[in-house]
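So the structure is just underneath, and the comments pick up after that.
Values in this document were obtained by computation on a predicted structure and should not be read as measured data. All residue numbers in this chain count up from 1 along the given sequence.
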Amino acid sequence: MGNAVWSDKRKFIWVLFILLLSAFIAISAISYKVAHDSLSEHISENTLPLTSDNIYSEIQQDLLRPIFISSLMAQDTFVREWTLNEEQNPQQLIRYLNEIQTKYNTVTSFFVSEKSRNYYHSTGVLKQINDIDSEDAWYFRVRSLPKEELYEINIDPDTANKNRTVVYINYKVFDFDGNFIGVTGVGLAVEKVKELVEMYQARYNRHVYFVDRTGRVTLRGNEYHGSNSLQKSKELAPLATRILTSPSTSISYMRDGKSVYLNSRLVPEFKWYLMVEQEEDPDEQKLLNTFWTNILLSFIVTVAILIIANMTLGRYQRKLELMATTDKLTGVTNRQVFESHFENTLKLATQESSRVSVLLLDIDHFKQVNDRHGHSIGDLVIQTVCHIARAELRDSDLICRWGGEEFLLLLPNSDLAHASNLAEKIRTQIAQRMIRVNGDEFGVTVSLGVGEYKQDESLQSLINRVDVALYQAKAQGRNKVVLST
């Protein structure tokens, strides 16, 4: 009986110890959280946004000037009249571009004519734009921008000096009747823009960099040591979607054991996000040290909770991962995870010395289908096209829903000839398929761009090539396959 009493007493002591310890940890944690949240709120909602506002104001003075210059060039009566006058006396335009470059202290100024495809530069006529040259893909990308989007900013090697990298402002030019007649613009040396970023960082003692709407880091200072895209950063990858879908965001995350506060805001003129980061305040570290002993004491309770939570949340985590990587309508891979699949495929292709090709498929006149039959039938068309395309693929191939009615197909161990045959087969199968709705039958067609990966080519460059090929297929009457060589 004594043993039984001792056993009960020991149980009581352990229960009392655990209850007291849990209560102590809870009180300590709540106190720490209140103090920590108050400090974090002050940084994320006051200090950091104010710094971001100040930097944004300076950007409007320092970086938006080239956009204004490009706009003036695009609206210049001389440029438009000279182009409409059959581009006679090219020296007149070359002299004009040279004056622009000299007056505004830009590293380059240019004009590309839609009619002649001549690339006019301040030093002369450099080349003729070619729709099969990957270096000229920027022009066709700008030309195909929606009408309301008048310009694009991108970073490329200088056409006149391949050893120099330039921030280009490419501005569409229209004649007096609103018809597209070319692209003009200026460029800033990346080094000069980096100097501005360095100046912002030194002045405000914050990390400053820019990312585009795909998450790619476009401009950064010399002190930036992060990944070249948000999606490749292990700390920021889970937050990338939130950042890139909001015009302004204030968040915090952990990096190397320290809290980092991040404020992002869209600079609409550049279509880039201004990113301003601040590492944890010294007072926050002091606060953390104060409660460190109490946090350690909570380890036992934390482990118990984690064991229980791990079993419960494991199933939900797998479901969330599936939802995050799969398109809900078609069940195929979504755009967010395509890049990782592409990198893995390239690694395997390098090991096996095999080729990789890509198809970009777009449903022709899809808007008319939605307007005539409704969005539910439009969804059915997308599912049908996807089903037909998947049926022609191998187990190693990957199909990804790239946009509303666009699909991107990744073909490992496939050269351009094989990819072209597959594209033609898919196009034929879809063209022959009739869709029945309420006793009515109609068919759809697709246009495809096909490209084979070139050594050391980036994913963006490859996609741009096949996108240009797809554009050509559309321009040639749709329901076609065009190769990018």
Presence of salt bridge, [Y] and [X], under 4.0 angstrom:
{"X": "K367", "Y": "E405", "result": "no"}
{"X": "D467", "Y": "R141", "result": "no"}
{"X": "D362", "Y": "R478", "result": "no"}
{"X": "K232", "Y": "E343", "result": "yes"}

Decide whether [X] and [Y] meet the rule of one side-chain donor and one side-chain acceptor closer than 3.5 Å.
{"X": "S461", "Y": "S458", "value": "no"}
{"X": "Q383", "Y": "D379", "value": "no"}
{"X": "S447", "Y": "D364", "value": "yes"}

Assess whether salt bridge (Lys or Arg N to Asp or Glu O under 4.0 Å) is satisfied between E87 and K115, documenting all intermediate values.
CA-CA 9 Å; E87 305 176 33; K115 184 174 182 179; over 6 Å; no
Salt bridge (Lys or Arg N to Asp or Glu O under 4.0 Å), paired with R465, selected from E457, E135, E452
E457
Please report the shortest heavy-atom distance between [X] and [Y], naming the atom on each side.
{"X": "Y273", "Y": "D212", "result": "CD1-O, 4.1 Å"}
{"X": "S109", "Y": "V186", "result": "CB-CG1, 4.1 Å"}
{"X": "G124", "Y": "I94", "result": "CA-CD1, 3.5 Å"}
{"X": "A431", "Y": "N479", "result": "CB-OD1, 4.3 Å"}
{"X": "N263", "Y": "S250", "result": "ND2-OG, 2.9 Å"}
{"X": "S414", "Y": "S357", "result": "O-OG, 2.8 Å"}

For [X] and [Y], indicate whether the former's side chain and the latter's backbone hold a donor-acceptor pair under 3.5 Å.
{"X": "S227", "Y": "S229", "result": "no"}
{"X": "R80", "Y": "Q75", "result": "yes"}
{"X": "W272", "Y": "R213", "result": "no"}
{"X": "S71", "Y": "I67", "result": "no"}
{"X": "Q231", "Y": "T214", "result": "yes"}
{"X": "T83", "Y": "V79", "result": "yes"}

Counting the benzene-type ring for Trp, do Y119 and F110 have ring centres under 6.0 Å apart?
yes
Any chance the rings of W402 and F338 have centres within less than 6.0 Å?
yes
Taking only residues two or more places apart in sequence or in another chain, which ones pass side chain to side chain donor-acceptor pair (under 3.5 Å) with S340?
none
Before you tell me yes or no, could you show the steps for F176 and E81 under side-chain contact (heavy atoms from CB on, under 4.5 Å), namely the whole-Å CA-CA distance, both residues' side-chain angles and the distance that decides it to 0.1 Å?
CA-CA 9 Å; F176 302 100; E81 288 183 344; 3.8 Å; yes
Quick check for you: to the nearest 0.5 Å, what is the distance between [X] atom [atom1] and [Y] atom [atom2]?
{"X": "R117", "Y": "N130", "atom1": "CZ", "atom2": "CG", "value": "8.5 Å"}
{"X": "I243", "Y": "R265", "atom1": "CD1", "atom2": "CZ", "value": "15.0 Å"}
{"X": "T445", "Y": "R427", "atom1": "OG1", "atom2": "CZ", "value": "8.5 Å"}
{"X": "R355", "Y": "N413", "atom1": "CZ", "atom2": "CG", "value": "10.5 Å"}
{"X": "I132", "Y": "F140", "atom1": "CD1", "atom2": "CZ", "value": "9.5 Å"}
{"X": "I169", "Y": "S70", "atom1": "CD1", "atom2": "OG", "value": "5.0 Å"}

Can you pull the salt bridge (charged side-chain N to carboxylate O under 4.0 Å, His left out) pairs that have at least one residue in residues 171-181, sequence neighbours excluded?
none
According to the salt bridge (charged side-chain N to carboxylate O under 4.0 Å, His left out) rule, which pairs have a member within residues 242-257, sequence neighbours left out?
R255-E277, R255-E279
Taking CD in Q455 as the centre, count heavy atoms belonging to other residues, nucleotides or ligands within less than 6.0 Å. Is the count above 12?
no
Within 6.0 angstrom of F68 CZ, more than 12 heavy atoms from elsewhere
no
Once ring-ring contact (aromatic ring centres under 6.0 Å, His included) is applied, do any residues pair with H207, and if so which ones, sequence neighbours excluded?
none
Test ring-ring contact (aromatic ring centres under 6.0 Å, His included) applied to Y209 - qualifying residues, sequence neighbours left out
Y224
Students often mix this up, so state it plainly: with edges at 30° and 60°, are the rings of [X] and [Y] parallel, tilted or perpendicular?
{"X": "Y168", "Y": "W138", "result": "parallel"}
{"X": "Y171", "Y": "Y151", "result": "parallel"}
{"X": "F442", "Y": "H373", "result": "parallel"}

Check the pair Y120 / L97 against side-chain contact (heavy atoms from CB on, under 4.5 Å), numbers first and verdict last.
CA-CA 8 Å; Y120 296 97; L97 294 173; 4.0 Å; yes
Do V211 and M275 pass the side-chain contact (heavy atoms from CB on, under 4.5 Å) test, and can you show the C-alpha distance, the side-chain angles, and the key distance before you say yes or no?
CA-CA 7 Å; V211 302; M275 314 288 281; 4.0 Å; yes
Please report, to 0.1 Å, the donor-acceptor pairs under 3.5 Å made by any side chain of residues 386-397, with sequence neighbours excluded.
from : atom 1 : to   : atom 2 : distance (Å)
E392 : OE1    : K425 : NZ     : 3.3
R394 : NE     : D397 : OD1    : 3.2
R394 : NE     : D397 : OD2    : 3.1
R394 : NH2    : D397 : OD1    : 2.7
R394 : NH2    : P412 : O      : 2.5
D397 : OD2    : R394 : N      : 2.9

Take Y471 and Q476 through the test side chain to side chain donor-acceptor pair (under 3.5 Å) and record every step on the way to the result.
CA-CA 9 Å; Y471 177 84; Q476 294 174 16; over 6 Å; no
Checking side-chain contact (heavy atoms from CB on, under 4.5 Å) for the pair N118/K127: CA distance, chi angles, key distance, verdict?
CA-CA 6 Å; N118 285 335; K127 60 183 294 187; over 6 Å; no
Take R335 and D327 through the salt bridge (Lys or Arg N to Asp or Glu O under 4.0 Å) test and state the conclusion after the steps.
CA-CA 8 Å; R335 186 169 184 165; D327 175 58; over 6 Å; no
Run the side chain to side chain donor-acceptor pair (under 3.5 Å) test on T108 and H121 for me, step by step, so that the C-alpha distance in whole Å, both residues' side-chain angles and the decisive distance to 0.1 Å come before the verdict.
CA-CA 8 Å; T108 185; H121 186 261; 2.9 Å; yes
With a 4.5 Å limit on heavy-atom distance, are the side chains of V450 and L422 in contact?
no
